[in-house]
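Nothing fancy with the numbering, it's 1 onward along the sequence. Just so it is clear, the model here is predicted, and its values are computed rather than measured. Side-chain atoms are counted along with the backbone in the values below, which use heavy atoms only and exclude waters and symmetry mates.
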Amino acid sequence: MPLNDIRVVEMGQLLAGPFCAQLLGDFGAEVIKIEEPTRGDPMRQWGRERPYGRSLWFPVIARNKKSVTLNLRTEAGQQVARDLIALSDVVVENFRPGTLERWNLGYDRLAEVNPGIVLIRVTGFGQTGPDSQKAGYGAIGEAMGGLRYITGDPETPPSRVGISIGDALAGTLSALGGMVALHHRRRTGRGQVVDTAIYEAVLTYMESLIPEFDIGGYIRERSGPILPNVAPSNVYPTSDGALVLIAANQDTVFARLAGLMGRRDLAADPRFDNHAARGANQAELDEKIAAWTSTIEAQALVELLDEGGVPAGRIYRAPEMLRDPHFAAREAIVTLLHPEFGDFRVQNVVPKLSETPGEIRWLGPELGRHNEEILHGLLGLTPEQVAAAQATTA
């Protein structure tokens, strides 16, 4: 696999840091996850558990990782961590700034034992600046990065996306930063710090939101299921009570949609014959399309639009994903064996590489599953040294 010569030590927990390490592990990196000895990562308890008795989320975000238990608050645990990092390429952490330094695991200390180490640090507000010491989860980054304000219906307070999108964006950009830093190390031999602030990761995806205000004085507002001035691109009702999303905002695509509607005149109408005009008359155009779609059943509508070359799709939940033949053909969801749950279906690795594809080799492991392999096998520690590094008191 493309990253099978990279060893990653993950000292993060919950989402942002672990998602970064998950992406690296998906492409073959050996990810060694250091967990607190008694309970491990809180993600082991998070998510929708009942009636399963334990989290269904942890097997996903901890896939392809090896679990090792160390108490990083003790000198013995810190020394073992440094010994492991001396043999590694990347460290991922998402504690509040200063935590690693208090544990004698800051970048300067790690670089002493491994000058080529790449330290990926994911926090709410970054390692510097007046807010750097504030606690900051992904939700706060979504709010301050601009995403929350523009999400939802304009008649209601800001909504949230139904997943922890801020953490995922930060984790993804952190993985990118780690790859860039490893490429630099290949040329120079020197490691460095990758500093990812969650609010900045969210801000990165805010398109032209800043110059729209700075230059044009325009503040983006919540717009529900549409993007203002981008039409038609909306969800439309069908005769059987479903919703179909149609995106036909390009001139040629809109002309095809108008033809399918039996309304070729709309493509020549000055109110709708170009992108700006359709945007200015967005509500009126959506009403006309909705009046047409509401006379057709959802499946028939999607098939008609597909045949006509108009981008469209139904709004999926998990059940629809699991029975969609396209998902199956591309193996977008794969089945692995979990020791407790049995067959465990989970989203596959993205993106797909033609020569060196990623792979889910195993699901999130039991706490301390790889202590023997890593602590005894790789590091050669004695049972007494392991016991000291795992002790809950100094």
Side-chain angles (χ1 to χ4, degrees), residues 47-48 56-57 60 138-139 142 146-169 172 202 205-207 220-250 253-254 256-258 260-261 263 278-279 282-335 345-352:
R48 188 170 297 278
L56 294 174
W57 199 346
V60 181
E142 294 164 24
L147 181 61
R148 286 293 182 97
Y149 185 78
I150 62 172
T151 301
D153 189 278
E155 303 302 320
T156 65
S159 300
R160 72 168 296 164
V161 179
I163 58 171
S164 301
I165 189 67
D167 291 299
L169 295 177
T172 302
V202 174
Y205 289 86
M206 287 299 100
E207 300 174 347
R220 287 200 190 187
E221 300 289 344
R222 291 181 293 288
S223 55
I226 66 169
L227 284 177
N229 303 313
V230 177
S233 184
N234 206 340
V235 288
Y236 300 94
T238 63
S239 64
D240 52 348
L243 293 172
V244 170
L245 198 148
I246 302 174
N249 45 290
Q250 188 177 347
V253 180
F254 176 66
R256 293 199 290 269
L257 174 62
L260 294 175
M261 294 171 61
R263 292 293 309 274
R278 289 191 297 276
Q282 191 165 23
E284 181 181 0
L285 180 57
D286 278 341
E287 288 178 3
K288 294 180 182 298
I289 297 172
W292 172 67
T293 62
S294 62
T295 66
I296 309 172
E297 291 186 351
Q299 188 58 38
L301 176 60
V302 171
E303 291 174 0
L304 176 65
L305 294 166
D306 287 345
E307 292 171 3
V310 176
R314 302 186 67 163
I315 296 177
Y316 275 11
R317 306 164 303 160
E320 290 79 25
M321 297 176 187
L322 289 172
R323 61 174 177 254
D324 187 295
H326 186 76
F327 277 57
R330 285 183 55 83
E331 297 185 321
I333 297 171
V334 293
T335 302
R345 290 192 280 188
V346 63
Q347 57 268 39
N348 205 351
V349 177
V350 176
K352 297 182 183 296

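Going from atom CG of Leu260 over to atom CH2 of Trp292 covers 5.5 Å, rounded to the nearest 0.5 Å. Atom CD of Gln299 sits about 6.0 Å away from atom CZ of Arg314, to the nearest 0.5 Å. Atom CG of Leu322 sits about 11.0 Å away from atom CZ of Arg317, to the nearest 0.5 Å. The OG atom of Ser239 lies 9.0 Å from the CG atom of Leu301; values are rounded to the nearest 0.5 Å.
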Residues Ile226, Asp286; criterion side chain to side chain contact (heavy atoms under 4.5 Å, CB included); working and verdict: CA-CA 10 Å; Ile226 66 169; Asp286 278 341; 4.2 Å; yes
Intermediate values then yes/no, side chain to side chain contact (heavy atoms under 4.5 Å, CB included), Val244 and Val302: CA-CA 7 Å; Val244 170; Val302 171; 4.0 Å; yes
Stepwise side chain to side chain contact (heavy atoms under 4.5 Å, CB included) test for Tyr316 and Phe327: CA-CA 12 Å; Tyr316 275 11; Phe327 277 57; 3.8 Å; yes
Test log, rule side chain to side chain contact (heavy atoms under 4.5 Å, CB included), inputs Ile150 and Glu221: CA-CA 5 Å; Ile150 62 172; Glu221 300 289 344; over 6 Å; no
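Among Ile289, Ile296, Thr295, the single residue meeting the side-chain contact (heavy atoms from CB on, under 4.5 Å) criterion with Thr293 is Ile289.
The main-chain N or O of Ala291 is found under 3.5 Å from a side-chain atom of Ser294 such that the two form a donor-acceptor pair.
Within the 4.5 Å cutoff, the side chain of Arg222 has no heavy atoms near those of the Glu155 side chain. At a threshold of 4.5 Å between non-hydrogen side-chain atoms, the residues Pro158 and Thr151 do not count as touching. In this structure, Leu169 and Glu142 have side chains that are not in contact, with every pair of non-hydrogen atoms separated by 4.5 Å or more. Leu305 has its side chain within reach of Ile246: a pair of non-hydrogen atoms, C-beta onward, lies under 4.5 Å apart.
Within 6.0 Å of CD on Glu320 lie more than 12 heavy atoms contributed by other residues, nucleotides or ligands.
For the residue pair His326 and Asp324, the shortest heavy atom distance occurs at N-OD1, 2.7 Å.
Cation-pi contact between Arg220 and Tyr149: absent, since separation from the ring centre below 6.0 Å together with deviation from the ring axis within 45° is not met.
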